[in-house]
Amino acid sequence: MCVGCRKRELAVQLLRVVAVSNGNGEYAVIVDTATRLPGRGAWLHPAPRCADEAIRRRAFTKALRIERPPDTSALVEYLEVLDSPGNRTGSEEHEHTVKSR
């Protein structure tokens with residue numbers, strides 16, 4: 001389930017994100033492209049609007065079971081590159097999903 005829009009999708013249509021400790025009690029959310037990083041993961045559509053919604057609702061804090069809101073700048077940057085006009089896939093109706101491999 002996407003932590004942003006709360007819609008259920010197949011895992012191949014979602015990005016796995018994990019919280020990585022900065023060492024001083026702070027966390028950063030990073031994309032786990034290989035789905036192999038250790039720790040609790042959360043799933044998200046590869047769309048900026050789902051990330052924005054998850055950030056607004058503080059969904060990463062709850063889903064990743066961390067104490068305070070994490071730094072999401074790496075995730076936002078990743079999604080901006082992915083959402084650039086040259087990288088779009090799928091129809092406009094379902095632009096928040098990607099084609100399965």
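Residue numbers count from 1 along this sequence. Keep in mind it's a predicted model, so treat the numbers as computed, not measured.
- The minimum heavy-atom distance linking Thr72 with Phe60 is given by the pair CG2-CD1, 4.0 Å.
- No side-chain heavy atom of Tyr78 sits less than 4.5 Å from a side-chain heavy atom of Ile30.
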Check the pair Val76, Ile55 against side chain to side chain contact (heavy atoms under 4.5 Å, CB included), reporting the backbone distance first and the verdict last. CA-CA 10 Å; Val76 170; Ile55 293 166; 4.0 Å; yes
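- Taken from CZ in Arg6 to CZ in Arg57, the straight-line distance is 5.5 Å, to the nearest 0.5 Å.
- For the pair Tyr27 and Ala19, the tightest heavy-atom approach, listed with the atom from each and the gap, is CD2-CB, 3.9 Å.
- Of the inter-residue distances, the one linking Leu14 atom CG with Thr35 atom OG1 reads 12.0 Å to the nearest 0.5 angstrom.
- Between the CD1 atom in Ile66 and the OG1 atom in Thr61 there is a gap of 5.0 Å [rounded to 0.5 Å].
- Looking at His45 and Lys7, their side chains come closer than 4.5 Å, going by heavy atoms from C-beta outward.
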Determine whether Val17 and Val3 satisfy the following criterion, side chain to side chain contact (heavy atoms under 4.5 Å, CB included), listing intermediate values before the conclusion. CA-CA 10 Å; Val17 295; Val3 295; 5.8 Å; no
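- Asp32 places no side-chain N or O within donor-acceptor distance of the main-chain N or O of Val18, the cut-off being under 3.5 Å.
- What you find for Gly41 and Leu64 is that their closest heavy atoms are C-CD2, 3.7 Å.
- The hydrophobic cluster around Met1 extends to none of the other residues, as no ILVMFWY side-chain heavy atom falls under 4.5 Å of it.
- Leu37 and Val29 are not part of a single hydrophobic cluster, where members link through side-chain heavy atoms under 4.5 Å apart.
- Shortest non-hydrogen contact noted between Leu75 and Ala51 is CD2-CB, 4.4 Å.
- To the nearest 0.5 Å, atom SG of residue Cys2 and atom CD of residue Glu53 are 9.0 Å apart.
- Within a 6.0 Å radius of CZ in Arg58, other residues, nucleotides and ligands contribute 12 heavy atoms or fewer.
- Heavy-atom minimum distance, Ala42 versus Ala63: CB-CB, 4.0 Å.
- Other residues, nucleotides and ligands contribute at most 12 non-hydrogen atoms within 6.0 Å of the CZ atom of Arg36.
- Ala47 and Leu79 get closest at one heavy-atom pair: O-CD1, 3.8 Å.
- Asn22 meets the side-chain contact (heavy atoms from CB on, under 4.5 Å) test with Asn24, Glu26, Ala28; sequence neighbours excluded.
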